[in-house]
Amino acid sequence: MTSTGFRRTFAALSVCSLALAASACGSGDDGSSGGKTRITVNCEPPKSAKVDRGFFEQDVAAFEKKHPDIDVVAHDAFPCQDPKTFDAKLAGGQMEDVFYTYFTDAKHVVDIHQAADLTPYVKELKSYSTIQKQLRDIYTVDGRIYGVPRTGYSMGLIYNRKLFQKAGLDPDKPPTTWEEVRADAKKIAALGDGTVGYADYSAQNQGGWHFTAELYSQGGDVVGADGKKATIDTPEGHAVLQNLHDLRWTDDSMGSKQLLVINDVQQMMGSGKLGMYLSAPDNIPILVKEKGGNYKDLALAPMPGGKGTLIGGDGYMFNKHDTPAQIRAGLKWLDHMFLTPGKGFLGDYARAKKANAPVGLPEPRLFTGAADATDQQVKKANANVPVENYQAFLDGNQSLQMKIEPPDAQQIYSVLDSTVSAVLTKKDANIDQLLKDASGKIDGILARD
């Protein structure tokens, strides 16, 4: 899943339109035009996202000025990647030369032989060695490199400092265990007036996504290391569901309305009626800009449980039909747009601050070493959000195991949605049977691979 459901405020998926057909949506030609190497790229912000669209166009123009032998044809739509059309575009030869993917897509694209092997060329990507290894490894299959990370996120606990204070809790000491989450949520819910202590998703595959994150936090996993069997019918899986059951039915901390999705929960938090929910840092500006929240009231803590957290993110892969010249041009474009610390579309914090965009959120954190230090220094110098509210998240993440989403994630999440929703809507739900049934269904999904 994406961390916000939108990836940024813009996230764009290109779709071949009649207007662009003549320039080729995919890589059906040799990529040359008037002596230039032409590359098509996607995830350009839509025109409705005026600020981001303007930034993107500025950066593409600067790149083409610096590299007059390269012509960049950007495609936009919403979102950057639509799971319903992604495979069809790949199979139909309609994918761009440089195309956006979620981390969970990387191996699949390689398995169906639709990705160019970047291994011989990646040494030309100046920033590659500075990117976090665990993120680079996501696009490495059998020792070969097939993509480049662009952003990464990890899940944590967003909480309302004002409600913590009102409930007699210390907003500088957020809960670090699920037992503490329960205790704090109960006190917040006791404030009354429709206040909910803790909320969780349980529909549209989002319940399965959060079940996975909560299982990781308990030290468990959804699928075994061999990728062939479910590993949810375990003490850790039972603990996740029992905790949700107790929050909902024993403590009455989750409110009566269930089958919630991300927009419902964001609305609750933005309106000041929710104490806590699981999310990544990029939810915070949405809560402020779209849901009525206030930066000073919103804080971020690490994933409760102390054992692990779910990570996700996105990157770019290259069409299998790309020429060597197109691959080299695409790598230069990625370096310019996204992978130069403190610069480019995602890293020009001074420009973002001037446009009143939030600067100072703890993620994405893509780089390591000197590159990370430079990126963080520029971000700190331009911060316009209360960075102290996120320090607990940064500190706590240091000791957590970072785990990517499982294979066949969306299909598995659909199964687990039913499991989570049953616990939250049926007081007498049989947790053991739910886990057994879900485990069998997940085994069936994995067997089809």
Next item on the list: Might you point out which heavy atoms bring A438 and T419 nearest each other, and give the distance in Å?
Entry: CB-OG1, 3.5 Å
Check: Going by atom types only, do E180 and T176 share a side-chain donor-acceptor pair under 3.5 Å?
Finding: yes
Item checked: Residues T212 and E405: side-chain donor-acceptor under 3.5 angstrom -> no
Note to self: Restricting to non-hydrogen atoms, name the atom on K379 and the atom on E363 that form the minimum distance, rounded to 0.1 Å.
What the structure shows: NZ-N, 4.3 Å
Check: Is there any salt bridge (Lys or Arg N to Asp or Glu O under 4.0 Å) pair reaching into residues 422-442, and which pairs are they, with sequence neighbours excluded?
Finding: none
Check: Is any side-chain N of the basic residue among R53 and D76 closer than 4.0 Å to the acidic one's carboxylate O?
Finding: yes
Note to self: Within the 3.5 Å criterion, strictly below it, is a donor on D105 or T101 matched to an acceptor on the partner's side chain?
What the structure shows: no
Checklist line | CD on E214 to CE on M155, rounded to 0.5 Å | finding: 8.0 Å
Next item on the list: Please determine, by modelled atom types, if N263 and Q267 share a side-chain donor-acceptor pair under 3.5 angstrom.
Entry: no
Note to self: I need the Q376 CD to Y349 OH distance, nearest 0.5 Å.
What the structure shows: 6.5 Å
Check: Should K89 and D82 be marked as a side chain to side chain contact (heavy atoms under 4.5 Å, CB included) after you check the CA-CA gap, both sets of side-chain angles, and the distance that decides it?
Finding: CA-CA 10 Å; K89 284 190 67 177; D82 185 345; over 6 Å; no
Next item on the list: Hey, can you tell me if Y100 and Y102 have their rings parallel, tilted or perpendicular (30° and 60° cut-offs)?
Entry: perpendicular
Item checked: Residues R365 and D375 bridged, charged N to O under 4.0 Å -> no
Note to self: Within this structure, what is the CG-CD1 distance for the pair L300 and I284, rounded to the nearest 0.5 Å?
What the structure shows: 5.0 Å
Note to self: I need the full list of ring-ring contact (aromatic ring centres under 6.0 Å, His included) pairs touching residues 275-316, with sequence neighbours left out, sorted by first then second residue.
What the structure shows: Y316-W333, Y316-F338
Margin query: Once rounded to the nearest 0.5 Å, what's the spacing between atom CG of D348 and atom CE of M337?
Written below: 11.5 Å
Notebook entry, point to check: Is there a donor in the side chain of D184 and an acceptor in the side chain of Y198, or the other way round, less than 3.5 Å apart?
Noted result: no
Note to self: With a 3.5 Å distance limit and no angle check, can you tell me whether Y216 reaches the backbone of I404 through a side-chain donor-acceptor pair?
What the structure shows: yes
Notebook entry, point to check: Do Q218 and N243 have a side chain donor and acceptor closer than 3.5 Å?
Noted result: no
Margin query: For the NZ atom on K273, are there more than 12 heavy atoms of other groups (residues, nucleotides or ligands in this structure) within a distance under 6.0 Å?
Written below: yes
Check: What do you reckon, are the aromatic ring centroids of F345 and F56 less than 6.0 Å apart?
Finding: yes
